[in-house]
2 protein chains.
Amino acid sequence: MDDTPGYRPLYRQVRDILVKRIATGVWQAGQILPSEGDIAADLGVSQGTVRKALDEMTAENLVTRRQGRGTFVARHDDARILFQFFKLLPDTGERRFPESRVLSVHLGPESEAARILDLAETESVIRIERVRSLDEQPCIFEHIYLPESLFRGLDQRDLPNNLYQLYSVGYGVTIARATERLKAVAAQKREAKALGGAPGDPFLRIDRTAYALDSRPVEWRISLCRTESVHYLSDLR
Amino acid sequence: MDDTPGYRPLYRQVRDILVKRIATGVWQAGQILPSEGDIAADLGVSQGTVRKALDEMTAENLVTRRQGRGTFVARHDDARILFQFFKLLPDTGERRFPESRVLSVHLGPESEAARILDLAETESVIRIERVRSLDEQPCIFEHIYLPESLFRGLDQRDLPNNLYQLYSVGYGVTIARATERLKAVAAQKREAKALGGAPGDPFLRIDRTAYALDSRPVEWRISLCRTESVHYLSDLR
DNA sequence: CATAATTTGTCCGTATGTATC
DNA sequence: GGATACATACGGACAAATTAT
């Protein structure tokens with residue numbers, strides 16, 4: 001897609017400028033952007049060019065546009081998380097947001113996490129363990145790793161269900177996209193017990209790396225799921 | 001998305017017309033479309049409107065556009081299948097197309113498949129079983145169900161590795177998108193043996209329904225995967 | 001409640017750039 | 001070089017939705 005860094009179309013340069021303004025907090029989550037015309041005048045380009053830049057950003061889920069109202073910086077509200085980042089659904093019934101119960105929060109170096117998060121091996125990492133439930137039924141055992149440098153003090157907080165909103169509102173870190181790698185594995189004793197299964201049961205293991213607006217990896221997450229009555233949904237198009 | 005069927009923007013009406021021309025074989029896979037200007041003149045709209053319609057179709061992987069050359073109906077070549085429809089990758093090394101070995105082909109009614117494919121319960125269904133390998137290592141046991149009415153004679157053919165290309169070239173059925181539901185399950189004797197595992201081993205079960213251009217379900221596929229050294233890749237954005 | 005102003009959505013036309021043949 | 005086709009950029013006009021007056 002971008003094999004010629006020597007030349008970037010104007011609308012893409014505009015996009016980069018707008019993304020940077022969001023990334024650096026000039027425009028914050030939920031806030032309204034200036035109108036297309038104002039941005040165009042500000043940057044000295046045509047309204048159509050701004051429009052194309054915003055169209056791209058809409059496709060990337062970075063902004064939402066509403067006719068007659070304006071363009072808004074996308075928020076990590078529950079609805080968005082649910083559709084964009086939470087792919088585990090009950091076999092029957094509605095898509096729901098899972099309840100979370102935190103088991104532990106630790107702090108210290110962790111070499112594997114450091115490698116994935118692109119940190120020095122000795123850098124401190126926040127490690128969270130929690131169990132998530134759908135319909136009062138525990139079904140996900142989750143290990144989360146964060147660079148402490150980006151989320152200082154997060155380990156002292158009461159952790160909400162929707163972590164990505166906390167990253168955004170509390171630390172100015174916006175998760176823009178993620179990559180998940182799935183495997184089927186045999187349940188360990190501890191996870192099995194927490195989810196009401198038996199050791200050796202087949203569990204779905206989701207290995208997620210999440211990236212911020214500037215494309216840096218900022219969260220590593222391992223989710224072990226008991227998929228008796230839930231499934232992972234993937235749309236191919 | 002389409003909550004007001006009373007009004008469709010012009011560019012979307014144009015899109016629908018163009019999709020129908022592909023679906024009915026007026027323009028076939030791999031063929032070049034008329035230029036934007038010619039289509040615009042033909043339909044009596046501006047070139048910009050045709051452009052927006054084609055932009056949408058590009059995003060849906062229905063056509064590919066190449067500057068200086070033209071717009072082409074997307075083909076189900078190996079590269080496209082590999083990226084759009086085959087999400088299972090080796091843990092280390094390159095993305096590769098799996099080899100396939102057909103175990104059996106049967107023909108007859110099958111109530112569960114009929115339900116998913118939206119057929120009458122008595123309608124005949126083609127059922128294919130095959131094993132797929134990555135790097136000489138069998139890792140997928142696959143059950144495939146097709147409506148015989150759409151694919152008459154397919155059960156008598158030599159089945160190629162790339163089935164979607166056969167659907168397209170041989171039967172004019174273009175797979176446009178698919179939905180996959182993933183679970184972790186315990187391996188059955190037969191599947192385990194075929195893939196070199198043991199009964200009870202955790203296998204990844206992929207339940208796929210694939211839809212044609214007109215949004216009708218035309219293929220149901222269950223893939224059981226031994227994910228020892230491969231994983232399912234899902235990009236969230 | 002009606003009207004005006006604002007903002008995005010759609011549609012059109014034109015000119016120029018870039019890639020391909 | 002020339003012809004063709006898509007890509008980019010600009011500008012204008014009207015429609016539809018929302019908000020302020």
Side-chain angles (χ1 to χ4, degrees), chain A residues 1-19 21-22 27-75, chain B residues 1-19 21-22 26-28 30-75:
Chain A
M1 201 64 80
D2 40 27
D3 43 3
T4 55
Y7 169 69
R8 282 182 86 76
L10 188 52
Y11 72 85
R12 209 171 283 269
Q13 297 176 40
V14 170
R15 189 206 87 104
D16 292 347
I17 292 172
L18 301 183
V19 169
R21 288 191 185 171
I22 295 175
W27 298 321
Q28 302 202 358
Q31 281 186 351
I32 189 171
L33 268 59
S35 75
E36 294 176 352
D38 289 352
I39 296 176
D42 176 28
L43 299 180
V45 302
S46 80
Q47 181 172 342
T49 301
V50 172
R51 159 143 329 186
K52 185 148 183 174
L54 289 174
D55 281 345
E56 277 207 347
M57 293 169 69
T58 302
E60 295 172 281
N61 287 308
L62 300 183
V63 298
T64 62
R65 326 181 66 182
R66 266 174 286 180
Q67 190 173 359
R69 294 190 56 187
T71 304
F72 302 80
V73 181
R75 290 189 313 136
Chain B
M1 200 65 81
D2 41 25
D3 42 5
T4 55
Y7 170 70
R8 282 180 87 75
L10 190 52
Y11 70 85
R12 209 170 282 269
Q13 298 176 38
V14 170
R15 189 206 87 104
D16 291 347
I17 292 172
L18 301 183
V19 169
R21 288 191 185 171
I22 295 175
V26 177
W27 297 322
Q28 302 202 359
Q31 282 187 351
I32 189 170
L33 267 60
S35 76
E36 294 176 351
D38 288 353
I39 295 176
D42 176 27
L43 299 180
V45 301
S46 81
Q47 181 173 343
T49 301
V50 172
R51 164 163 309 244
K52 186 148 183 176
L54 289 174
D55 281 345
E56 278 207 346
M57 293 169 69
T58 302
E60 295 172 281
N61 287 308
L62 300 183
V63 299
T64 62
R65 328 180 65 181
R66 266 173 286 180
Q67 190 173 358
R69 296 192 53 189
T71 305
F72 301 80
V73 181
R75 290 190 313 137

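Just so it is clear: chains get the letters A, B, ... in the order the sequence lines come, proteins before strands, and each one is counted from 1.
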Visitor: Can you tell me the pairing partner of D/dA16 across any strand shown, Watson-Crick or G-U wobble, with both distances under 3.5 angstrom?
Guide: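 Per the H-bond distance test, C/dT7.
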Visitor: Taking A/R8's backbone N and O only, do any of them form a donor-acceptor pair with A/Q13's side chain (distance below 3.5 Å, no angle check)?
Guide: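 Confirmed, A/Q13 side chain pairs with A/R8 backbone.
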Visitor: Please confirm whether the shortest side-chain N or O distance from A/T71 to OP1 or OP2 of C/dT7 is below 4.0 Å.
Guide: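 Answer no for this pair, as no side-chain N or O of A/T71 is under 4.0 Å from OP1 or OP2.
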Visitor: Round to a whole Å and report the spacing from CD1 of A/I32 to P of C/dT6.
Guide: 14 Å
Visitor: Of the non-hydrogen atoms in B/R51 and B/R65, which two are nearest, and what is the gap between them?
Guide: O-NH1, 3.9 Å
Visitor: Whole-Å distance between C/dG9 P and A/E36 CD?
Guide: 7 Å
Visitor: Nearest of C/dC11, D/dC6, D/dG11 to any side-chain atom of A/S46?
Guide: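 In terms of side-chain proximity for A/S46, the closest of C/dC11, D/dC6, D/dG11 is D/dG11.
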Visitor: OP1, OP2 of D/dA7 versus side-chain N and O of B/R65: anything below 4.0 Å?
Guide: yes
Visitor: Nearest whole Å is fine: how far is C/dC11 C1' from B/L43 CG?
Guide: 15 Å
Visitor: OP1 or OP2 of D/dC10 versus the side-chain N and O atoms of A/T49: is any pair under 4.0 Å?
Guide: yes
Visitor: Working to the nearest 0.5 angstrom, can you tell me the gap between A/L62 CG and A/L18 CG?
Guide: 10.0 Å
Visitor: Tell me: CZ of B/R8 to C1' of D/dA15, nearest whole Å?
Guide: 18 Å
Visitor: Could you tell me whether the phosphate oxygens of D/dA7, OP1 or OP2, come under 4.0 Å of any side-chain nitrogen or oxygen in B/R51?
Guide: yes
Visitor: More than 12 heavy atoms of other residues, nucleotides or ligands under 6.0 Å from CZ of B/R15: yes or no?
Guide: yes
Visitor: Tell me the interatomic distance from A/L54, atom CG, to D/dA9, atom C1', rounded to whole angstroms.
Guide: 16 Å
Visitor: Side chain of A/R66, base of D/dA17: donor and acceptor closer than 3.5 Å?
Guide: no
Visitor: Without decimals, in angstroms, what is the distance between A/D55 CG and D/dT8 P?
Guide: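 These atoms are roughly 13 Å apart.
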Visitor: Between C/dC11, D/dA9, C/dT8, spot the one nearest the side chain of A/Q47, thanks.
Guide: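 The answer is C/dT8, which lies nearest to the side chain.
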Visitor: Let's see if you can work this out: which of C/dC11, D/dG11, C/dT8 has an atom nearest to the side-chain heavy atoms of B/Y11?
Guide: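 Selected nucleotide (nearest to the side chain): C/dC11.
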Visitor: Return the value, rounded to whole Å, for the distance between atom CZ of A/R15 and atom C1' of D/dT8.
Guide: 17 Å
Visitor: Using only modelled atom types and a 3.5 angstrom limit, is any donor from either the side chain of B/Q67 or the base of C/dT18 paired with an acceptor on the other?
Guide: yes
Visitor: I need the CZ-C1' distance between A/R69 and D/dA15, as an integer number of Å.
Guide: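 My rounded result for the distance is 19 Å.
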Visitor: Which value, rounded to the nearest 0.5 Å, describes the distance between B/L10 atom CG and B/K52 atom NZ?
Guide: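 Interatomic distance, B/L10 CG to B/K52 NZ, rounded to 0.5 Å: 11.0 Å.
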Visitor: How do A/G48 and A/G68 order along DNA chain D: which one's closest nucleotide is nearer the 5' end?
Guide: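 Result of the comparison: A/G48.
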Visitor: Hey, is the side chain of B/K52 poking within less than 4.0 Å of OP1 or OP2 on C/dC11, counting only N and O atoms?
Guide: no
